[in-house]
> 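For reference, the structure I am asking about is given below.
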2 protein chains.
Amino acid sequence: MDEEFKLNSIAAADLPAIDDGAEPDTSSKQRRLSPAQRREDFIRKATSLFAEEGFDAGTRELARKLGVTQPLLYRYFPSKDDLIREVYKRVYLDRWQPEWDDMLGDRTRPIRERLQHFYDAYTDAIFNRDWIRIYLFSGLKGAAINKWYVSIVETRILTRIIEEYRHEAGLPAHDPAPAELELAWLLHGGIFYYGVRKHIYDSPVLEQKNRAISNALDVFLEGISSVFGTAVKTRSTAIRKAQGPDGQD
Amino acid sequence: MDEEFKLNSIAAADLPAIDDGAEPDTSSKQRRLSPAQRREDFIRKATSLFAEEGFDAGTRELARKLGVTQPLLYRYFPSKDDLIREVYKRVYLDRWQPEWDDMLGDRTRPIRERLQHFYDAYTDAIFNRDWIRIYLFSGLKGAAINKWYVSIVETRILTRIIEEYRHEAGLPAHDPAPAELELAWLLHGGIFYYGVRKHIYDSPVLEQKNRAISNALDVFLEGISSVFGTAVKTRSTAIRKAQGPDGQD
DNA sequence: CCGTAAATTTATCGACCGATAAATTAGCAG
DNA sequence: CTGCTAATTTATCGGTCGATAAATTTACGG
C-alpha cells in the first residue's frame, strides 16, 4: 500500500446546489460554470453513474448526463482513472464522523447503548445505493483504498468493540485475539449484509433498520457473554425475554 | 422473475480433464475438440475470466486463454450474454448438495451439530475466489438468478434454521417472523462476509474456518437463546466458558 | 462595446468491442 | 488415399472506448 488516505480529509464541498437529474440540464441558462463547480459536478455524477454501471461506464454517458461534451472531462481530470480516484476519496473518506471515535470509547455510557448509537448513525451514513455499490465495485477491482478501509474498520470499530466489551465485562485488558476480532466481524459483516441485501440484491429486509441492529446487538452481546463466560447487562429491557425479538410481527 | 431455475439441474460435466493454465495450450497436439469438450472449456475459462475482470472482460481475451480464435466462440454460443448465462448456471446451480436439505431437518441430531456440519460443507462449496466474485458481480448486475438464489437461501437455509431452533427449544411452531429471519440473516451474512473478506478484499481472516464458524454458532445460538428467553444446549463443550472463544491465540 | 482569457465544442485518432461471412483445414469414413 | 463434414481461422464490419488538438463561444474587465 503505497498510497496514504485520511478519513474526512476532504471538506464537503459547499458549492451551489446542482441539478441532480438524469437528463441534460435544459432549464438552467448558465452555460458555463466555475472550474470548481464543474469539477464538483463531474465527481458527483460520476459517483452515481459508476455506482450503477461500474467503473467501465463510459465518459460519453457521464458527459451526456451533465449536458456537456465528453472532451470537457479532460480539462478537469487528466484521465478517467483520476476521476475514479476522486470518486473513491469522496465515497470513502467523506462519511466518517470524527465524534464516533470518542463516542465508542465513552465509558460513562454502557457499551450496548454506544453500539446501538454508533451503528444507527454509521449505517445511516453508508446504507445507500451509491455508497454500497461503489464500495463493492472498488473491492472487486482490488482498489488500494478498499483494503485500507477494511483495515480502518478493524482498528477503529472492531478492535474498539472488543476492548470496550472486555472492559465493561471486567475482563483483563489486552489486544483483541484473532478469534475475538473474528466475532466482531461476524456482527459487523452481518449488519453490513443487511445493506447489501437491501441495496444490491433489492431484497426485502426488516423494515425498521434500528430494530434489526438492536436485535443483532442483543444476540451478539448476550452470545459473547455466554461464550466468554461473563455476564454483562446488555439487554435494553428485560420484558422482551418472554416474547422473542422485537418486531417479530 | 420470468425465468425458472433449479438447483443441481446441471450434471457436472465428466469430460476429459482440460488444461486449466492461463497460457494458450501449446503442449497438446489435439487441435480440434469435440463440441461438448470445447463448449465446456469455454464455460470454465469464462467463469474464471469473468470472476477476475467482471462480465465486461473481452471475448478475445477469453479465446486467447483457450488458444483459439475469437469467432469460434460464436459456434458454441449465440452471443456473449448466452455464455454469461451458462456461467451463471454453472456457478449457482451446481454447488448445492441435495443431502443438505435432509441433513438440516434431521431432528435426531442437535441443531448445533447440524449447523456446524452444514456451514462447514456449504462454505467449502462456495468460499472460493470464482464463486464469490461471480456471485457479487452478478448481484451488482441485477441478474435474475442472483435474486432467485437469495430467495432460495432464505427458504432452504434460514427459514429452516429458525424452525429447527424453535423446535429444539420447545417453542411453538410457526412461520418465522421477519425479525427472526433477520437474525438468521445476521448469522448467514456474517459467515458469508468471512468469505468476502478473504476472497474479495484479500484481507487476513481467522485461519481456521471451522473455528470461525463454531464461534459464530456459539454466539448466535447462545444469543438467541437469551433473546428468545429459552435455554437450549448449544455449546459443543462447557469447558471453554472460562477461557473465551477457541483459537484466540 | 471591445478584447481577451478561458470554458466548451467540434473533429478525429487508434484501439478494442461483439458479431458475421467466407475461406481453410483437420480428422474420420469409405 | 480420397472425399466429405465440421471444427477452426481469416478477414472484416459497425460501434464504442479513452484521449488529443484545434476551433469556437461565453463571460468578464477595461
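In what follows, chains carry the letters A, B, and so on, assigned in the order in which the sequence lines appear, proteins first and then strands, with residues in each chain numbered from 1.
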> Consider the side chain of B/Leu72, meaning its heavy atoms from C-beta on, and name the nucleotide among C/dG18, D/dG18, D/dT8 that approaches it most closely.
D/dT8
> Looking at B/Phe55, does the NZ or CZ of B/Lys141 lie under 6.0 angstrom from its six-membered ring centre and within 45 degrees of the ring axis?
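Yes, cation above the ring, under 6.0 Å and within 45°.
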> Does D/dT8 have OP1 or OP2 sitting under 4.0 Å from an N or O in the side chain of B/Tyr76?
yes
> When all nucleic acid strands are considered with a 4.0 Å heavy-atom cut-off, which category describes A/Ala57: base, sugar-phosphate, or nothing?
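Here A/Ala57 touches the backbone only, sparing every base.
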> Would you say B/Thr69 reaches D/dT8's phosphate, i.e. side-chain N/O to OP1/OP2 under 4.0 Å?
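So the side-chain polar atoms of B/Thr69 never come under 4.0 Å of the phosphate oxygens OP1 or OP2 of D/dT8.
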> Just the rounded figure in Å: distance from P of D/dG18 to CG of A/Asp82.
14 Å
> Any donor-acceptor pair under 3.5 Å between the side chain of A/Arg32 and the base of D/dA27?
no
> Could you give the CZ-to-P distance, from A/Arg39 to C/dA6, as a whole number of Å?
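After rounding, the reported distance stands at 18 Å.
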> Is the backbone N or O of A/Leu104 less than 3.5 Å from a side-chain atom of A/Arg114, with the two atoms forming a donor-acceptor pair by type?
yes
> Mind calculating the distance between CZ (B/Phe55) and P (C/dG18) to the nearest angstrom?
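Answer to the nearest Å: 14 Å.
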> Round to a whole Å and report the spacing from CZ of B/Phe77 to P of C/dT20.
15 Å
> Tell me which one of B/Tyr194, B/Tyr122, B/Phe118, B/Tyr119 satisfies side chain to side chain contact (heavy atoms under 4.5 Å, CB included) with B/Ile213.
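Filter result, single survivor: B/Tyr119.
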> Pick the nucleotide of DNA chain C nearest each of A/Pro35 and B/Thr59; which residue has the one closer to the 5' end?
A/Pro35
> Is there a donor-acceptor contact under 3.5 Å linking the side chains of A/Thr123 and A/Lys209?
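A pair is found: one side chain offers a donor N or O, the other an acceptor, under 3.5 Å apart.
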> Just how far, in rounded Å, is C1' of D/dT9 from CZ of B/Arg60?
13 Å
> Which nucleotide sits closest to the side chain of B/Pro71: C/dT10, D/dT10, C/dT8?
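Of C/dT10, D/dT10, C/dT8, D/dT10 is nearest to the side chain of B/Pro71.
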> Would you please indicate if the ring centroids of A/Phe5 and A/Tyr149 are separated by under 6.0 Å?
no
> If you pin A/Lys80 and B/Gln70 to their nearest nucleotides in DNA chain D, which one's is more 5'?
B/Gln70
> Mind calculating the distance between CG (B/Leu73) and P (D/dA7) to the nearest angstrom?
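The distance from CG of B/Leu73 to P of D/dA7 comes to 15 Å, rounded to the nearest Å.
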> Let me know the distance between CZ of B/Arg38 and C1' of D/dT9, rounded to the nearest Å.
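For the pair B/Arg38 CZ and D/dT9 C1', the rounded distance is 12 Å.
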> For the pair made of CD in B/Gln37 and P in D/dT8, what is the distance, rounded to whole Å?
10 Å
> Determine: side-chain N/O of B/Arg75 to OP1/OP2 of C/dT20, distance under 4.0 Å, yes or no.
no
